[in-house]
Every structure is written in structure tokens, then in C-alpha cells.
Participant: 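My questions will all concern the structure given below.
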Amino acid sequence: YGAEEIPCGFSDPLSGEVKPRILLMGLRRSGKSSIQKVVFHKMSPNETLFLESTNKICREDVSNSSFVSFQIWDFPGQIDFFDPTFDYEMIFRGTGALIFVIDSQDDYVEALSRLHLTVTRAYKVNPEINFEVFIHKVDGLSDDAKIEKQRDIHKRANDDLADAGLEKIHLSLYLTSIYDHSIFEAFSKVVQKLIPQLPTLENLLNIFISNSGIEKAFLFDVVSKIYIATDSSPVDMQTYELCCDMIDVVIDISCIYGLTEEEAGQPYDKESMAIIHLNNTTVMYLKEVTKFLALVCFLREESFERKGLIDYNFHCFKNAIQEVFDVRVKVQKNRKLLSQRRWSKQASIESSAATTERRPIGGITCQSTIFKST
């Protein structure tokens, strides 16, 4: 996103940082607010049963790190695109991803109709939007039923788009539930598409594991347990769940036995590190990368005997991540300068437009507005 593409109300135009916008949409009671509370507010899934229905657009900034930085807009289910007070063009123009939540335990005919209307409206305004469909509340379904519903929803949605001549629109479908880690993995995939540095991060992880005897590595945002990057090998759901559990253990123990209340700081800091030996000769190794990022690795016990080599390679990896951070900071500073120039230019134009000159014409004094080009 360039500074020239910042729509009104998208983000602070003088901050130098343009935050991609993620929209949460769907019918009433489909689980949109519950997803947001569980992923970003650590709410227990059982507590979401007492959440009231969303009746207005709720906006929230997520700025855990330089890589995980975006806005989440939670929309009420009864939103009307034809309401003249709803400026959908402004909203879709600044959107990076649109997540449409479908309740898998309900009749989804109406949901598919609303999905089609939403996607077509958004695509006309901003063809660059990533369209994500969460087939939600699948925890009560069998594996066969999950696959069947996903196949049916995928076919119907794509058929509707094909009938409208919009075959080029790509819908990404995910089976999700707040009662397991599927919602975190789905959100990880969504957020990764909004990180322009993702190929660089993946390449760094590939280099790191290939030279350290590591089988799998994840770069986690500690606060939300979203992994913002991993190496090129496939992601196994069980491995991802183990990573999330390890992060929870590290944070919980740090909060109990770490810093005292009198000491300033966070329970997770540059000294944070954890080693867990599993009963299948696999070692899990967690190291702090930045204030909000952690590297979680899986490797064999015989490979972990070369811990010195791993730590040295990790030091090189951490320095490389810092260089990526530095580049992003420079880009944000340049955006800030561009934004300030745009606002200064706009203020100059408005000031010039307000300048008036009184001229006598045929004995009649008239007032004309003068516009000066800049």
C-alpha cells in the first residue's frame, strides 16, 4: 500500500504507517465477534456464549509488531449495502482482506446469497481484496460432514460467481472453530497474505533450518498465537497445536515466576527461552526474536546436541529479521514524508481556493474565486 492510496478514515495519514484493513462479515449469530474475542482478546470459547449481537461497526487496531499490524472491522449481520448512509466504496477501497463467516450448523442458502452480494460489491471497488470464507462452528460435525459442507459451499459460491461473469474472483475456504486451533491457523493464513515481507521471512526460515538440522520452524506472534511465517515444508495441525500450547506454557510460567509487580516490563522478554523434550525423541525449542515474536522449532534429539551451532545460526537469523524491520521503518518514514507533503499541498490548494479578488467590470464590482495551481 502506498501513501497515495490511503482513503479517508483508513489510518492516520501523518503516522507514516498504512494498516491493512480486515473486514469480518456474515449473517447474525454466525460467530464473527466470538472469533475476534477468542483470537485477539484471549477470551475463553465458553465465555463467548454470553456475547450480545453486534449492532454497529466495531473497529480495532492490532499492532503487536511491525509485521502484525492491521485493523479489524466487525460488521453487524444486518448491514444493508443499499442504505445510502453506508459508504461501502470508502470501506472496501482500504481493505486488504474480507472474511465472510458462514455458520455450518445452519441453513446457509441466505448466507451464500449475502456472500455473493458482498464479494461482487467489494470486487468492483477493489479487485485486490483477498476474499476469505470461514465455514465456522464445525466442531460438532464429523470429518466427512466437514468435507461435504466445504465442497458444497465452494461449488455453490463459485457457480454464483461464474453466472455473474466473475470467474476470476478467488475464494479461499477454511473450516474453523473457536474450540480448537483451527481458527488461529485460518487467521494466520489470512494475515500472511497482508505481509509484503512474507517471501523474505520464509526464505530466512528455510536457510536457518537447512543449516541447523531443524525439521520445522514457525515465526509466531506471541500475543495472538498467529504464525506470520513458516518454512516451505507443509504445516501439520498437530504440530501447530503443540506450538500454541508451548507459547501458553512459557507465558504462564513467566507471569508466575518471572518479573515481580515492582519491576517494569513484560513477562516475555529477550531472555525468554524454553526447551521441551517430547516422548517421541523430538525436541521443541522456543527463542525470543523480538518483543512480540518468537521462533518455535522442531528437531530431533541428536540434532539438538549441536545446540551451539543452532544458537549461532539463530543469532544470524535474528539479525536478519532486524534488518527487515529496519527496512520497513525506513519505508514508513518515507510514507510519512509523502503524506505530510500531500497534506501540505492539499492545504495550500484549499487556501488558494479561498483567496478572492475583487475586480471592477463595467462599473460593477464582482467577486471571483481564484484557483492557483501548485
Participant: So, Asp74 and Arg59, do they make that salt bridge, N to O below 4.0 Å?
Facilitator: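 Judged by the 4.0 Å cut-off on N to carboxylate O distance, Asp74 and Arg59 do not form a salt bridge.
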Participant: When you check the gap from the basic side-chain N to the acidic O, do Asp311 and Lys307 get nearer than 4.0 Å?
Facilitator: yes
Participant: Check whether any side-chain heavy atom of Ile253 sits under 4.5 Å from a side-chain heavy atom of Val249, and report yes or no.
Facilitator: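 Result yes, sub-4.5 Å side-chain heavy-atom pair found.
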Participant: Under a plain distance cut-off of 3.5 Å, with no hydrogens placed, do Asp144 and Ser142 share a side-chain donor-acceptor pair?
Facilitator: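 The criterion, which ignores hydrogens and geometry beyond distance, is not satisfied for Asp144 and Ser142.
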Participant: When you measure from the centre of the six-membered ring of Tyr88, is the NZ or CZ of Arg121 closer than 6.0 Å and no more than 45° off the axis?
Facilitator: yes
Participant: When rounded to the nearest 0.5 angstrom, what distance separates CG in Asn280 from OG1 in Thr282?
Facilitator: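 Answer for the CG-OG1 pair, Asn280 versus Thr282, is 3.5 Å.
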Participant: Quick check on the hydrophobic clustering: are Tyr312 and Val289 connected, directly or via other members, by side-chain heavy-atom contacts under 4.5 Å?
Facilitator: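 No, Tyr312 does not connect to Val289 through the hydrophobic network.
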Participant: Report the distance from atom CG of Leu286 to atom CE of Met273, rounding to the nearest 0.5 Å.
Facilitator: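 Rounded to the nearest 0.5 Å, the CG-CE separation comes to 9.5 Å.
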Participant: Atom NZ of residue position Lys124 - does it have more than 12 heavy atoms of other residues, nucleotides or ligands inside 6.0 Å?
Facilitator: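 Open: at most 12 neighbouring heavy atoms sit under 6.0 Å from NZ of Lys124.
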Participant: Write down the atom of Ala145, the atom of Leu141, and the distance for their closest heavy-atom approach.
Facilitator: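 Between these two residues, the closest heavy atoms are CB-CB, 4.1 Å.
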Participant: Return yes if a side-chain donor-acceptor contact under 3.5 Å exists between Asp221 and Ser224, otherwise no.
Facilitator: yes
Participant: Compare every heavy atom of Ile226 with every heavy atom of Phe184, then report the nearest pair and how far apart it is.
Facilitator: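 Where Phe184 meets Ile226 most closely, the heavy atoms are O-CG1, 4.5 Å.
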Participant: Does Asn211 have any side-chain contact (heavy atoms from CB on, under 4.5 Å) partners at least two apart in sequence or in another chain, and if so, which?
Facilitator: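 Once residues adjacent in sequence are excluded, the partners of Asn211 under the side-chain contact (heavy atoms from CB on, under 4.5 Å) criterion are Ile207, Asn313.
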Participant: Quick one, Leu98 and Glu132 - any side-chain contact, counting heavy atoms below 4.5 Å?
Facilitator: no
Participant: Report yes or no: do Ser272 and Lys287 form a side-chain donor-acceptor pair below 3.5 Å?
Facilitator: no
Participant: Evaluate the side-chain proximity of Ile35 to Phe187: yes if any heavy-atom separation is below 4.5 Å, no if none is.
Facilitator: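 They are in contact (side-chain heavy atoms under 4.5 Å apart), so the answer is yes.
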Participant: Measuring from atom CZ of Phe314 to atom CD1 of Ile321, what distance do you get when rounded to the nearest 0.5 angstrom?
Facilitator: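 It is 9.0 Å, given to the nearest 0.5 Å.
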Participant: Which value, rounded to the nearest 0.5 Å, describes the distance between Tyr179 atom OH and Asp139 atom CG?
Facilitator: 7.0 Å
Participant: List the residues meeting side-chain contact (heavy atoms from CB on, under 4.5 Å) with Ser233, not counting sequence neighbours, and say none if there are none.
Facilitator: Lys216, Asp231
Participant: Less than 4.5 Å apart, any side-chain heavy atom of Leu161 and any of Lys168?
Facilitator: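 They are not in side-chain contact.
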Participant: Between atom CG of Leu117 and atom CG of Leu112, what is the distance when rounded to the nearest 0.5 Å?
Facilitator: 12.5 Å
Participant: When you group the ILVMFWY residues by side-chain heavy-atom contacts below 4.5 Å and let the links chain together, are Leu175 and Leu27 in the same group?
Facilitator: no
Participant: Taking the side chain from Asn206 and the backbone from Glu202, do they hold a donor-acceptor pair closer than 3.5 Å?
Facilitator: yes
Participant: Could you tell me whether the side chain of Val223 reaches within less than 4.5 Å of the side chain of Phe292, counting heavy atoms only?
Facilitator: yes
Participant: Where the side chain of Lys56 meets the backbone of Pro76, is there a donor-acceptor pair that is under 3.5 Å apart?
Facilitator: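 No.
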Participant: Leu219 and Leu242: same hydrophobic cluster, using ILVMFWY side-chain contacts below 4.5 Å?
Facilitator: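 As far as the 4.5 Å side-chain criterion goes, Leu242 and Leu219 are connected within one cluster.
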Participant: If hydrophobic clusters are built by linking Ile, Leu, Val, Met, Phe, Trp and Tyr wherever their side-chain heavy atoms come under 4.5 Å apart, do Phe70 and Val324 end up in the same one?
Facilitator: yes
Participant: Please collect all ring pair (Phe, Tyr, Trp, His ring centres under 6.0 Å) contacts where either partner lies in residues 190-210, sequence neighbours excluded, each pair once.
Facilitator: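 Applying ring pair (Phe, Tyr, Trp, His ring centres under 6.0 Å) to every pair that reaches into residues 190-210, excluding sequence neighbours, yields Phe208-Phe317.
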Participant: Can you tell me if CD on Glu301 sees more than 12 non-hydrogen neighbours from other groups inside 6.0 Å?
Facilitator: yes
Participant: Evaluate the side-chain proximity of Ile178 to His136: yes if any heavy-atom separation is below 4.5 Å, no if none is.
Facilitator: yes
Participant: Tyr174: what forms a ring-ring contact (aromatic ring centres under 6.0 Å, His included) with it, not counting sequence neighbours?
Facilitator: Phe134
Participant: Is there a donor-acceptor pair closer than 3.5 Å between any side-chain N or O of Gln105 and the backbone N or O of Lys137?
Facilitator: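 Side chain of Gln105 to backbone of Lys137, a donor-acceptor pair under 3.5 Å: yes, one is there.
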Participant: Do the side chain of Thr95 and the main chain of Ile91 share a donor and acceptor less than 3.5 angstrom apart?
Facilitator: yes
Participant: Mark yes when over 12 heavy atoms from residues, nucleotides or ligands other than Lys37 sit less than 6.0 Å from its NZ; otherwise mark no.
Facilitator: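 Open.
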Participant: Evaluate the criterion side chain to side chain contact (heavy atoms under 4.5 Å, CB included) for residue pair Val327 and Glu323; output intermediate values, then yes/no.
Facilitator: CA-CA 6 Å; Val327 170; Glu323 290 182 16; 5.7 Å; no
Participant: For Arg29, check salt bridge (charged side-chain N to carboxylate O under 4.0 Å, His left out) against everything at least two apart and list the hits.
Facilitator: none
Participant: Within the side chain of Asn158, is there an N or O that forms a donor-acceptor pair under 3.5 Å with the backbone of His154?
Facilitator: yes
Participant: Return each pair, listed once, that meets ring pair (Phe, Tyr, Trp, His ring centres under 6.0 Å) where at least one residue sits in residues 269-291; pairs must be two or more places apart or across chains.
Facilitator: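 Sorted result for residues 269-291: Tyr285-Phe304.
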Participant: Let's go through Leu24 and Val101 carefully: what are the C-alpha distance in whole Å and the side-chain angles of both, what is the deciding distance for side chain to side chain contact (heavy atoms under 4.5 Å, CB included) to 0.1 Å, and is it a yes or a no?
Facilitator: CA-CA 7 Å; Leu24 270 175; Val101 183; 4.1 Å; yes
Participant: Cluster question for you: counting only ILVMFWY and a side-chain heavy-atom cut-off of under 4.5 Å, with indirect links fine, are Ile247 and Val235 together?
Facilitator: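 Cluster IDs for Ile247 and Val235 match.
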Participant: I'd like to know if Glu89 and Arg93 make a salt bridge, using a cut-off of under 4.0 Å between side-chain N and carboxylate O.
Facilitator: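 A salt bridge links Glu89 with Arg93.
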Participant: Let's go through Ser172 and Lys193 carefully: what are the C-alpha distance in whole Å and the side-chain angles of both, what is the deciding distance for side chain to side chain contact (heavy atoms under 4.5 Å, CB included) to 0.1 Å, and is it a yes or a no?
Facilitator: CA-CA 12 Å; Ser172 299; Lys193 296 178 182 178; 3.1 Å; yes
Participant: Under the rule for salt bridge (charged side-chain N to carboxylate O under 4.0 Å, His left out), what residues qualify as partners of Glu47, not counting sequence neighbours?
Facilitator: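 If we apply the salt bridge (charged side-chain N to carboxylate O under 4.0 Å, His left out) test to Glu47, skipping adjacent residues, there are no hits.
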Participant: For the atom pair OG1 (Thr230) and CG (Leu205), what is the distance rounded to the nearest 0.5 Å?
Facilitator: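 Between atom OG1 of Thr230 and atom CG of Leu205 there are 6.5 Å.
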Participant: Of all residues at least two apart in sequence or in a different chain, which pass the salt bridge (charged side-chain N to carboxylate O under 4.0 Å, His left out) check with Arg28?
Facilitator: none
Participant: Less than 4.0 angstrom from a charged side-chain N to a carboxylate O is my criterion; do Arg156 and Asp160 meet it?
Facilitator: no
Participant: Please indicate whether Glu167 has more than 12 foreign heavy atoms, meaning atoms of other residues, nucleotides or ligands, lying under 6.0 Å from its CD.
Facilitator: yes
Participant: My understanding is that only residues two or more places apart in sequence, or in another chain, count here; which of them pass salt bridge (charged side-chain N to carboxylate O under 4.0 Å, His left out) with Glu60?
Facilitator: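 Listed in chain order: nothing, the list is empty.
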Participant: Determine whether a donor-acceptor pair (N or O, by modelled atom type, separation under 3.5 Å) exists between the side chain of Ser254 and the backbone of Val250.
Facilitator: yes
Participant: Which residues pass the side-chain contact (heavy atoms from CB on, under 4.5 Å) test with Asp326, not counting sequence neighbours?
Facilitator: Gln322
Participant: Can you list every pair that meets ring pair (Phe, Tyr, Trp, His ring centres under 6.0 Å) and has a residue in residues 216-244, with sequence neighbours left out?
Facilitator: Phe218-Phe220, Phe218-Tyr227, Phe220-Tyr240, Tyr227-Tyr240
Participant: Could you work out, with side-chain contact (heavy atoms from CB on, under 4.5 Å) as the rule, every residue matching Ser182, not counting sequence neighbours?
Facilitator: Thr176, Ser177, Asp180, Met237
Participant: Is there a side-chain contact between Val62 and Gln71, using heavy atoms and a 4.5 Å cut-off?
Facilitator: no
Participant: Do the side chains of Val283 and Ile276 get nearer than 4.5 Å, heavy atoms only?
Facilitator: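 Ile276 does not reach Val283 side chain to side chain.
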